[in-house]
Amino acid sequence: MDAVEVRNAETFFASAPPLRDRDAIVAKVEEFVQRRLPTASGNRASRMVCITSGGTTVPLERKCVRFIDNFSSGHRGAASTECFMKAGYSVIFINRRGTAQPFCRFLPEDPLLTCFEPAGDNLIQLIPSHAVAVQKAVTEYHSALNSGHLLNLPYTTLFEYLEILKIVSLSLRQLQRNCMFYLAAAVSDFYVPWQSMVEHKIQSGVGPMAMELAQVPKMLMLLRHLWAPEAFCVSFKLETDVKILIKKAQAAREKYGMHAVVANELETRKQKVIVVTNEGQVLVEKDASQADVEIPLVDFLIAQQTSYIEAGGANVLVV
Ligand code: PMT
């Protein structure tokens, strides 16, 4: 592992603002993971996936009024969570606050105001045309949470995202090859370091503003080689120019040692993706009977992980 990458990451974490509720998050993750470890009585470890979803924000002021955002609706992460759970995986869902949530993806944008109406005397009622969708979403979401197989960890900023990803990785490594990282979040490449960030709202009226952004250290390398070296790692590559997409995905796979890189183009990302592995590339498309491309994508990646586990010869679990 490149010592410079490690140093850059250490500097990033040392200078990041303290993560709110850090101890509670660590305890929650550890408790969630412990329940899936193999027991002395011989129970096998169950498979777990950490799914990251949504885009990170980069604050420009400590008392943040303005920020830079990264595009992602969270649809990919939410749909994939449903697919992995259906396949028997436990899911740690690291998601940007306010983006799409599993089992609720098909509700209207503002479900509270769209699905309910006043019914007089301090009562509200579910509008009948939305009743089936709301009932399905609420039932499925709560049964996933209550099953103990879904842990929802929200973030907003880049700092929160990377701190939480590190906490989860260091805990999940105990599951060795039975854990997967599915990194669909769109993560900022540039940021304002906390120590050089102004405290208060940046004032206007002083003419054009120049701001220098520092490069965010790529955490994929650390995750893969230091934090959870045996985990099956999948990253994503989004481009708008298809001509460079595959090259960039191949380069990311080689540079960061990913087991698979999912290449997607902005316009067609909901219909098809290309998965780049060390064996080449595979086009994964949804067919007419499938609601989401995540259905064949998750199937494909689970099969890849099964081969990876079998090649390692430890703790094989068929799902
Ligand atoms: O949410 P949707 O609207 O459904 O859209 C899904 C998606 C298009 C956002 C998703 O499919 C996708 O492609 N996500 C990755 C977008 C992207 O190209 O991100 P990136 O170039 O910032 O990062 C590439 C990979 O490196 C990602 O897996 C990211 O998690 C990781 N990364 C990035 C920066 C950084 N400093 N550290 C990282 O680990």
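Remember, predicted model here, so these are calculated numbers, not experimental data. Read the numbers this way: they start at 1 and go in the same order the structure lists the ligands and their atoms.
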Exercise. Got a donor-acceptor contact below 3.5 angstrom from the E160 side chain to the T156 backbone?
Worked result: yes
Exercise. Hey, is ligand 1 close enough to S73 that some N/O pair sits below 3.5 Å?
Worked result: yes
Seminar exercise, completed: Numbered in order shown, the ligand 1 atoms found under 4.0 Å of a heavy atom of L183 are 27 (C), 28 (O), 30 (O)
Exercise. Numbering the atoms of ligand 1 from 1, which are under 4.0 Å from a heavy atom of D189?
Worked result: 34 (C)
Exercise. Which residue holds the protein heavy atom closest to atom 11 (O) of ligand 1, what is that atom called, and what is the gap in Å?
Worked result: N264 OD1, 2.6 Å
Exercise. Considering only heavy atoms of M219, which atoms of ligand 1 have at least one such atom less than 4.0 Å away?
Worked result: 37 (N), 39 (O)
For this session: Using modelled atom types only, decide if a donor and an acceptor are shared between the side chain of T157 and the backbone of V58 within a distance under 3.5 Å.
Result: no
Exercise. Can you find an N or O of T52 that's nearer than 3.5 Å to an N or O of ligand 1?
Worked result: no
Exercise. What protein heavy atom sits nearest atom 1 (O) of ligand 1, and how far off is it?
Worked result: S72 OG, 2.6 Å
For this session: For ligand 1, note which part of A185 has a heavy atom under 4.0 Å away: side chain, backbone, both or neither.
Result: backbone
Problem set entry | Donor-acceptor contact below 3.5 Å, side chain Q203 vs main chain K201 | yes
Problem set entry | Protein heavy atom at shortest distance from atom 6 (C) of ligand 1 | R76 CB, 3.7 Å
Exercise. Is G74 close to ligand 1, meaning an N/O of one under 3.5 Å from an N/O of the other?
Worked result: yes
For this session: For atom 18 (O) of ligand 1, find the nearest protein heavy atom and state the residue, atom name and distance (0.1 Å precision).
Result: L238 N, 2.9 Å
Exercise. Heavy atoms, side chains only, cut-off 4.5 Å: are V187 and L158 in contact?
Worked result: yes
Problem set entry | Location of contacts on R269 toward ligand 1, heavy atoms closer than 4.0 Å | side chain
Exercise. Going by the order shown, which atoms of ligand 1 are within less than 4.0 Å of some heavy atom of V216?
Worked result: 36 (N)
Problem set entry | Any Y256 heavy atom less than 4.0 Å to ligand 1 | no
Exercise. Are the side chain of D21 and the backbone N or O of A24 linked by a donor-acceptor pair below 3.5 Å?
Worked result: no
Problem set entry | P217, portion touching ligand 1 at heavy-atom distance under 4.0 Å | backbone
Exercise. Do M48 and V33 touch side chain to side chain, with heavy atoms closer than 4.5 Å?
Worked result: yes
Exercise. Does F300 CZ have over 12 foreign heavy atoms under 6.0 Å away?
Worked result: yes
For this session: Any atoms of ligand 1 less than 4.0 Å from a non-hydrogen atom of A184? List them with their elements.
Result: 9 (C), 10 (C), 12 (C), 14 (N), 15 (C)
